[in-house]
There are 2 protein chains.
Amino acid sequence: MAANTPRSYCPINLSLEIFGDTWTLLVLRDMMFSGKRHFRELLQSDERISTNILADRLARLVAHGLLTKADDPTHKQKAIYSLTEPAIALLPVIVQIGAWSSRWVPDARKLDAASRKFLRELQEAGPRAWARRMDELRALHLGQGA
Amino acid sequence: MAANTPRSYCPINLSLEIFGDTWTLLVLRDMMFSGKRHFRELLQSDERISTNILADRLARLVAHGLLTKADDPTHKQKAIYSLTEPAIALLPVIVQIGAWSSRWVPDARKLDAASRKFLRELQEAGPRAWARRMDELRALHLGQGA
DNA sequence: CTTCAGTGCTTGCGTTTCGCAACCAGTTGG
DNA sequence: CCAACTGGTTGCGAAACGCAAGCACTGAAG
(Lines give C-alpha, C1' and ligand atoms only; values in the text may rest on other atoms or scores of the structure.)
Protein backbone atom coordinates (compact mmCIF):
# COMPACT_ATOMS: atom_id res chain seq x y z
CA MET A 1 0.00 0.00 0.00
CA ALA A 2 2.96 2.31 0.30
CA ALA A 3 5.49 2.15 -2.50
CA ASN A 4 3.75 2.75 -5.75
CA THR A 5 6.12 4.04 -8.36
CA PRO A 6 5.94 7.82 -8.41
CA ARG A 7 4.33 9.66 -11.30
CA SER A 8 7.60 11.47 -11.76
CA TYR A 9 10.83 12.14 -9.88
CA CYS A 10 10.28 15.87 -9.77
CA PRO A 11 10.85 16.91 -6.15
CA ILE A 12 7.64 18.90 -6.08
CA ASN A 13 5.72 15.87 -7.23
CA LEU A 14 7.45 13.54 -4.78
CA SER A 15 6.47 15.84 -1.94
CA LEU A 16 2.90 16.07 -3.13
CA GLU A 17 2.62 12.32 -3.30
CA ILE A 18 3.40 12.29 0.41
CA PHE A 19 1.43 15.25 1.75
CA GLY A 20 -0.44 16.61 -1.27
CA ASP A 21 -3.90 16.09 0.10
CA THR A 22 -6.28 17.91 2.34
CA TRP A 23 -5.59 16.24 5.64
CA THR A 24 -1.97 15.20 6.01
CA LEU A 25 -0.54 18.65 6.69
CA LEU A 26 -3.38 19.39 9.09
CA VAL A 27 -2.38 16.38 11.14
CA LEU A 28 1.22 17.57 11.21
CA ARG A 29 0.06 21.07 12.10
CA ASP A 30 -1.79 19.77 15.15
CA MET A 31 1.19 17.72 16.25
CA MET A 32 3.60 20.62 15.79
CA PHE A 33 1.61 23.49 17.20
CA SER A 34 -1.01 21.94 19.47
CA GLY A 35 1.06 19.18 20.98
CA LYS A 36 -1.37 16.48 20.00
CA ARG A 37 0.03 12.97 19.97
CA HIS A 38 -2.92 10.64 20.44
CA PHE A 39 -5.58 9.50 18.01
CA ARG A 40 -8.43 10.93 20.03
CA GLU A 41 -6.67 14.27 20.38
CA LEU A 42 -6.09 14.54 16.66
CA LEU A 43 -9.78 13.91 16.06
CA GLN A 44 -10.65 17.13 17.87
CA SER A 45 -9.47 19.57 15.20
CA ASP A 46 -11.75 22.34 13.95
CA GLU A 47 -11.88 20.69 10.55
CA ARG A 48 -13.59 17.53 11.85
CA ILE A 49 -11.51 14.82 10.28
CA SER A 50 -13.24 11.45 10.39
CA THR A 51 -11.79 8.42 12.09
CA ASN A 52 -11.10 6.32 9.01
CA ILE A 53 -9.33 9.17 7.23
CA LEU A 54 -7.24 9.94 10.29
CA ALA A 55 -6.28 6.29 10.67
CA ASP A 56 -5.30 6.14 7.03
CA ARG A 57 -3.21 9.30 7.14
CA LEU A 58 -1.41 8.29 10.29
CA ALA A 59 -0.57 4.93 8.73
CA ARG A 60 0.72 6.63 5.59
CA LEU A 61 2.81 9.07 7.59
CA VAL A 62 4.35 6.19 9.50
CA ALA A 63 4.95 4.29 6.25
CA HIS A 64 6.68 7.33 4.76
CA GLY A 65 8.83 7.77 7.83
CA LEU A 66 7.35 11.07 8.95
CA LEU A 67 5.90 9.63 12.13
CA THR A 68 6.66 6.81 14.49
CA LYS A 69 4.10 5.00 16.54
CA ALA A 70 4.74 3.63 20.01
CA ASP A 71 2.83 2.32 23.00
CA ASP A 72 1.98 4.80 25.68
CA PRO A 73 3.25 3.37 28.97
CA THR A 74 0.38 4.96 30.90
CA HIS A 75 -2.32 3.04 29.08
CA LYS A 76 -1.95 -0.22 27.24
CA GLN A 77 -4.37 0.79 24.54
CA LYS A 78 -2.97 4.24 23.96
CA ALA A 79 -0.72 4.81 20.99
CA ILE A 80 1.61 7.78 20.96
CA TYR A 81 2.74 9.29 17.70
CA SER A 82 6.06 11.08 17.38
CA LEU A 83 7.41 13.38 14.70
CA THR A 84 10.59 12.28 12.97
CA GLU A 85 13.30 14.58 11.69
CA PRO A 86 11.84 14.73 8.16
CA ALA A 87 8.51 15.78 9.59
CA ILE A 88 10.11 18.43 11.80
CA ALA A 89 11.93 19.65 8.71
CA LEU A 90 8.53 20.43 7.21
CA LEU A 91 7.79 23.06 9.85
CA PRO A 92 9.11 25.99 7.78
CA VAL A 93 6.98 24.88 4.85
CA ILE A 94 3.87 24.72 7.01
CA VAL A 95 4.57 28.10 8.56
CA GLN A 96 5.03 29.69 5.15
CA ILE A 97 1.85 28.14 3.85
CA GLY A 98 0.06 29.73 6.78
CA ALA A 99 1.77 33.04 6.17
CA TRP A 100 0.75 32.97 2.54
CA SER A 101 -2.95 32.57 3.20
CA SER A 102 -2.98 35.11 6.00
CA ARG A 103 -1.54 37.54 3.50
CA TRP A 104 -3.53 36.62 0.40
CA VAL A 105 -6.72 34.82 1.35
CA PRO A 106 -9.53 37.20 2.37
CA ASP A 107 -11.17 34.67 4.69
CA ALA A 108 -8.04 34.63 6.82
CA ARG A 109 -9.19 37.88 8.38
CA LYS A 110 -11.93 35.96 10.12
CA LEU A 111 -9.41 34.08 12.22
CA ASP A 112 -9.75 34.76 15.93
CA ALA A 113 -7.53 37.48 17.36
CA ALA A 114 -5.47 35.20 19.57
CA SER A 115 -4.47 32.95 16.69
CA ARG A 116 -3.72 35.92 14.48
CA LYS A 117 -1.45 37.34 17.14
CA PHE A 118 0.32 34.01 17.56
CA LEU A 119 0.85 33.76 13.83
CA ARG A 120 2.05 37.33 13.47
CA GLU A 121 4.61 36.86 16.22
CA LEU A 122 5.80 33.63 14.68
CA GLN A 123 6.31 35.36 11.36
CA GLU A 124 7.97 38.45 12.72
CA ALA A 125 10.30 36.36 14.79
CA GLY A 126 11.37 34.76 11.53
CA PRO A 127 13.45 31.66 10.86
CA ARG A 128 15.12 31.88 14.25
CA ALA A 129 11.81 31.26 15.96
CA TRP A 130 11.08 28.37 13.62
CA ALA A 131 14.42 26.83 14.49
CA ARG A 132 13.67 27.21 18.17
CA ARG A 133 10.33 25.49 17.79
CA MET A 134 12.00 22.75 15.78
CA ASP A 135 14.47 22.20 18.57
CA GLU A 136 11.65 21.96 21.05
CA LEU A 137 9.97 19.38 18.87
CA ARG A 138 13.17 17.39 18.60
CA ALA A 139 13.44 17.33 22.35
CA LEU A 140 9.82 16.25 22.75
CA HIS A 141 9.58 13.74 19.93
CA LEU A 142 13.07 12.41 19.32
CA GLY A 143 14.34 12.63 22.88
CA GLN A 144 12.36 9.93 24.59
CA GLY A 145 8.78 9.94 23.36
CA ALA A 146 9.71 7.74 20.44
CA MET B 1 -19.08 26.46 -7.40
CA ALA B 2 -16.33 28.44 -5.73
CA ALA B 3 -17.21 29.92 -2.38
CA ASN B 4 -18.14 27.10 -0.06
CA THR B 5 -17.68 28.06 3.55
CA PRO B 6 -14.28 26.89 4.70
CA ARG B 7 -13.94 24.04 7.13
CA SER B 8 -12.07 26.40 9.41
CA TYR B 9 -10.36 29.76 9.28
CA CYS B 10 -6.98 28.35 10.19
CA PRO B 11 -4.51 29.77 7.65
CA ILE B 12 -3.06 26.36 6.93
CA ASN B 13 -6.50 25.02 6.18
CA LEU B 14 -7.45 27.98 4.01
CA SER B 15 -4.35 27.41 1.92
CA LEU B 16 -5.02 23.72 1.60
CA GLU B 17 -8.54 24.36 0.44
CA ILE B 18 -7.01 26.27 -2.47
CA PHE B 19 -4.01 24.16 -3.42
CA GLY B 20 -4.18 21.15 -1.11
CA ASP B 21 -4.52 18.57 -3.84
CA THR B 22 -2.27 16.61 -6.10
CA TRP B 23 -2.39 18.75 -9.22
CA THR B 24 -2.77 22.44 -8.45
CA LEU B 25 0.79 23.07 -7.35
CA LEU B 26 2.11 21.08 -10.30
CA VAL B 27 0.28 23.42 -12.65
CA LEU B 28 1.81 26.41 -10.90
CA ARG B 29 5.23 24.75 -10.97
CA ASP B 30 5.03 24.38 -14.75
CA MET B 31 3.95 27.96 -15.19
CA MET B 32 6.68 29.27 -12.91
CA PHE B 33 9.62 27.16 -13.98
CA SER B 34 8.82 25.92 -17.46
CA GLY B 35 7.16 29.01 -18.83
CA LYS B 36 4.00 27.16 -19.82
CA ARG B 37 0.97 29.33 -20.38
CA HIS B 38 -1.32 27.37 -22.71
CA PHE B 39 -3.63 24.47 -22.06
CA ARG B 40 -1.85 22.14 -24.44
CA GLU B 41 1.54 23.02 -22.97
CA LEU B 42 0.37 22.27 -19.45
CA LEU B 43 -0.87 18.89 -20.59
CA GLN B 44 2.68 17.85 -21.44
CA SER B 45 3.98 17.45 -17.90
CA ASP B 46 5.75 14.27 -16.83
CA GLU B 47 2.90 13.46 -14.49
CA ARG B 48 0.36 13.18 -17.31
CA ILE B 49 -2.53 15.24 -16.02
CA SER B 50 -5.74 14.54 -17.89
CA THR B 51 -7.67 17.18 -19.75
CA ASN B 52 -10.72 17.34 -17.51
CA ILE B 53 -8.63 17.67 -14.36
CA LEU B 54 -6.48 20.37 -15.92
CA ALA B 55 -9.54 22.29 -17.07
CA ASP B 56 -11.01 22.04 -13.59
CA ARG B 57 -7.84 23.18 -11.83
CA LEU B 58 -7.31 26.10 -14.16
CA ALA B 59 -10.89 27.21 -13.57
CA ARG B 60 -10.43 26.96 -9.82
CA LEU B 61 -7.18 28.88 -9.90
CA VAL B 62 -8.87 31.63 -11.88
CA ALA B 63 -11.81 31.60 -9.45
CA HIS B 64 -9.43 31.93 -6.50
CA GLY B 65 -7.57 34.76 -8.15
CA LEU B 66 -4.28 32.93 -8.63
CA LEU B 67 -4.51 33.00 -12.41
CA THR B 68 -6.06 35.19 -15.05
CA LYS B 69 -7.19 33.97 -18.43
CA ALA B 70 -6.99 36.02 -21.60
CA ASP B 71 -7.19 35.56 -25.33
CA ASP B 72 -3.97 34.99 -27.18
CA PRO B 73 -3.79 37.56 -29.98
CA THR B 74 -1.93 35.15 -32.25
CA HIS B 75 -4.71 32.56 -32.38
CA LYS B 76 -8.39 33.09 -31.83
CA GLN B 77 -8.80 29.79 -30.04
CA LYS B 78 -5.75 30.07 -27.84
CA ALA B 79 -6.16 31.04 -24.21
CA ILE B 80 -3.19 32.39 -22.31
CA TYR B 81 -2.98 31.99 -18.56
CA SER B 82 -1.09 34.48 -16.40
CA LEU B 83 0.10 34.26 -12.82
CA THR B 84 -1.22 36.86 -10.43
CA GLU B 85 0.69 38.34 -7.51
CA PRO B 86 -0.74 35.84 -4.99
CA ALA B 87 0.41 32.99 -7.21
CA ILE B 88 3.87 34.46 -7.62
CA ALA B 89 3.98 34.83 -3.85
CA LEU B 90 3.69 31.06 -3.65
CA LEU B 91 7.05 30.56 -5.35
CA PRO B 92 9.04 30.34 -2.11
CA VAL B 93 6.64 27.74 -0.79
CA ILE B 94 6.98 25.65 -3.92
CA VAL B 95 10.76 25.90 -3.90
CA GLN B 96 10.92 24.82 -0.27
CA ILE B 97 8.61 21.91 -0.91
CA GLY B 98 11.01 20.80 -3.61
CA ALA B 99 13.98 21.32 -1.35
CA TRP B 100 12.38 19.24 1.35
CA SER B 101 11.83 16.20 -0.81
CA SER B 102 15.25 16.40 -2.42
CA ARG B 103 16.64 16.29 1.10
CA TRP B 104 14.35 13.73 2.68
CA VAL B 105 12.70 11.58 0.02
CA PRO B 106 14.94 8.75 -1.19
CA ASP B 107 13.36 8.65 -4.65
CA ALA B 108 14.54 12.20 -5.27
CA ARG B 109 18.00 10.80 -6.01
CA LYS B 110 16.60 9.35 -9.18
CA LEU B 111 16.01 12.81 -10.62
CA ASP B 112 18.05 13.49 -13.71
CA ALA B 113 21.34 15.29 -13.21
CA ALA B 114 20.39 18.46 -15.03
CA SER B 115 17.33 19.03 -12.88
CA ARG B 116 19.25 18.24 -9.73
CA LYS B 117 21.85 20.79 -10.67
CA PHE B 118 19.21 23.40 -11.40
CA LEU B 119 17.55 22.74 -8.06
CA ARG B 120 20.80 22.80 -6.14
CA GLU B 121 21.77 26.13 -7.63
CA LEU B 122 18.35 27.56 -6.88
CA GLN B 123 18.67 26.50 -3.26
CA GLU B 124 22.21 27.66 -2.78
CA ALA B 125 21.41 31.00 -4.32
CA GLY B 126 18.79 31.34 -1.60
CA PRO B 127 15.93 33.80 -1.21
CA ARG B 128 17.67 36.36 -3.41
CA ALA B 129 17.40 34.07 -6.39
CA TRP B 130 13.77 33.38 -5.60
CA ALA B 131 13.09 37.10 -5.51
CA ARG B 132 14.82 37.52 -8.84
CA ARG B 133 12.70 34.80 -10.40
CA MET B 134 9.59 36.37 -8.89
CA ASP B 135 10.49 39.67 -10.49
CA GLU B 136 10.92 37.95 -13.82
CA LEU B 137 7.51 36.37 -13.45
CA ARG B 138 5.97 39.72 -12.59
CA ALA B 139 7.43 41.19 -15.74
CA LEU B 140 6.20 38.30 -17.85
CA HIS B 141 2.76 37.82 -16.34
CA LEU B 142 1.71 41.13 -14.89
CA GLY B 143 3.46 43.38 -17.37
CA GLN B 144 1.41 42.87 -20.46
CA GLY B 145 0.51 39.20 -20.82
CA ALA B 146 -2.54 39.61 -18.64
C1' DC C 1 -17.18 -7.66 40.66
C1' DT C 2 -19.54 -4.83 37.82
C1' DT C 3 -20.16 -0.97 35.39
C1' DC C 4 -18.81 2.74 32.41
C1' DA C 5 -16.15 6.06 30.07
C1' DG C 6 -12.12 6.02 27.17
C1' DT C 7 -8.65 3.70 23.87
C1' DG C 8 -7.51 3.22 18.64
C1' DC C 9 -9.32 1.91 15.28
C1' DT C 10 -12.63 -1.05 11.41
C1' DT C 11 -16.72 -1.65 8.57
C1' DG C 12 -20.70 -0.34 5.53
C1' DC C 13 -22.59 2.51 2.50
C1' DG C 14 -23.97 6.43 -0.22
C1' DT C 15 -21.74 10.47 -2.51
C1' DT C 16 -18.08 12.72 -4.69
C1' DT C 17 -13.89 12.84 -7.16
C1' DC C 18 -10.47 10.74 -10.23
C1' DG C 19 -8.53 8.91 -14.42
C1' DC C 20 -8.89 7.41 -18.86
C1' DA C 21 -10.59 7.63 -23.49
C1' DA C 22 -13.35 9.41 -26.89
C1' DC C 23 -15.16 13.19 -28.91
C1' DC C 24 -16.18 18.15 -30.46
C1' DA C 25 -16.53 22.87 -32.58
C1' DG C 26 -13.81 26.24 -34.23
C1' DT C 27 -9.12 27.85 -36.35
C1' DT C 28 -5.10 28.04 -39.07
C1' DG C 29 -1.42 26.82 -42.31
C1' DG C 30 -0.43 24.34 -46.45
C1' DC D 1 -10.18 21.58 -48.92
C1' DC D 2 -7.69 19.07 -45.69
C1' DA D 3 -4.87 17.93 -41.78
C1' DA D 4 -3.22 19.40 -37.66
C1' DC D 5 -4.02 22.05 -33.66
C1' DT D 6 -6.90 24.92 -30.26
C1' DG D 7 -9.24 24.49 -25.40
C1' DG D 8 -11.95 22.08 -23.70
C1' DT D 9 -16.70 18.29 -22.62
C1' DT D 10 -18.81 14.02 -21.83
C1' DG D 11 -19.31 9.13 -20.22
C1' DC D 12 -18.15 5.73 -17.37
C1' DG D 13 -15.80 2.48 -14.27
C1' DA D 14 -12.75 2.82 -10.25
C1' DA D 15 -11.10 4.92 -6.32
C1' DA D 16 -11.43 8.00 -2.48
C1' DC D 17 -14.22 10.55 0.72
C1' DG D 18 -17.45 11.45 4.66
C1' DC D 19 -20.57 9.99 7.88
C1' DA D 20 -22.32 6.87 11.35
C1' DA D 21 -22.11 2.79 13.81
C1' DG D 22 -19.77 -0.75 15.97
C1' DC D 23 -15.83 -3.33 18.22
C1' DA D 24 -12.36 -5.44 21.30
C1' DC D 25 -10.01 -3.97 24.88
C1' DT D 26 -8.37 -1.09 29.26
C1' DG D 27 -8.54 1.19 33.57
C1' DA D 28 -10.68 3.66 37.12
C1' DA D 29 -14.84 4.05 40.16
C1' DG D 30 -18.52 2.25 42.87
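First the proteins, then the strands, lettered A, B, ... as listed; each starts at 1.
- The CD-C1' distance, from B:E47 to C:dG19, rounds to 15 Å in whole Å.
- In this structure, A:F39 places its CZ atom 18 Å from P of D:dT26, rounding to the nearest Å.
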Using a 3.5 Å cut-off and no angle test, enumerate the donor-acceptor pairs between side-chain atoms of residues 86-97 of chain A and protein atoms at least two apart in sequence or in another chain.
none

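- One interatomic measurement links the two molecules: OH of A:Y81 to C1' of C:dG8, which rounds to 7 Å at whole-angstrom precision.
- Positionally, the nearest nucleotide of DNA chain C for A:A55 lies more toward the 5' end than for the other of B:T22 and A:A55.
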Short heteroatom pairs, N/O only, protein and nucleotides 23-30 of chain C, under 3.5 Å:
{"unit_1": "C:dG26", "atom_1": "N2", "unit_2": "B:Q77", "atom_2": "OE1", "d": "2.8"}
{"unit_1": "C:dG26", "atom_1": "N3", "unit_2": "B:Q77", "atom_2": "OE1", "d": "2.9"}
{"unit_1": "C:dG26", "atom_1": "N3", "unit_2": "B:Q77", "atom_2": "NE2", "d": "3.4"}
{"unit_1": "C:dT28", "atom_1": "OP1", "unit_2": "B:K76", "atom_2": "N", "d": "3.1"}

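- Rounded to an integer number of Å, the gap from CD1 of A:I49 to P of D:dG18 is 9 Å.
- Two residues are said to be in side-chain contact when any heavy atoms from C-beta on lie closer than 4.5 Å; B:T24 and B:R60 fail this criterion.
- If you take CG of A:D71 and C1' of C:dC9, they are 14 Å apart, rounded to a whole angstrom.
- With B:N13 contributing its side chain and B:S8 its backbone, the two residues share a donor-acceptor pair below 3.5 Å.
- Judged by distance alone, with hydrogens and angles left aside, the side-chain atoms of A:T84 form a donor-acceptor pair with the main-chain N or O of A:G65 at under 3.5 Å.
- The residue among A:R48 and B:T51 whose nearest nucleotide of DNA chain D is located toward the 5' end is B:T51.
- The salt bridge (charged side-chain N to carboxylate O under 4.0 Å, His left out) contacts involving residues 6-25 of chain A comprise A:R7-A:E17, A:D21-A:R57, where partners must be two or more places apart or lie in separate chains.
- In this entry the distance linking CG of A:N4 with P of C:dG19 reads 12 Å, nearest Å.
- Considering only residues two or more places apart in sequence or on other chains, B:Y81 meets the ring-ring contact (aromatic ring centres under 6.0 Å, His included) condition with none of them.
- Between A:R138 and A:D135 a salt bridge is recorded (basic side-chain N to carboxylate O distance below 4.0 Å).
- Taking atom CG on B:D72 and atom P on D:dG7, their separation rounds to 9 Å, with Å as the unit.
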Please write out each protein N/O paired with an N/O of nucleotides 14-17 of chain D under 3.5 Å, distance rounded to 0.1 Å.
{"unit_1": "D:dC17", "atom_1": "OP1", "unit_2": "A:R57", "atom_2": "NH2", "d": "2.6"}

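- In this structure, B:R133 contributes its side chain and B:M32 its backbone to a donor-acceptor pair below 3.5 Å.
- Taking atom CG on B:L43 and atom P on C:dA21, their separation rounds to 13 Å, with Å as the unit.
- Of the side-chain N and O atoms in B:K69, one or more sit less than 4.0 angstrom from OP1 or OP2 of D:dG8.
- Residue pairs meeting the ring-ring contact (aromatic ring centres under 6.0 Å, His included) criterion with at least one member in residues 4-23 of chain A, sequence neighbours excluded: A:F19-B:W100.
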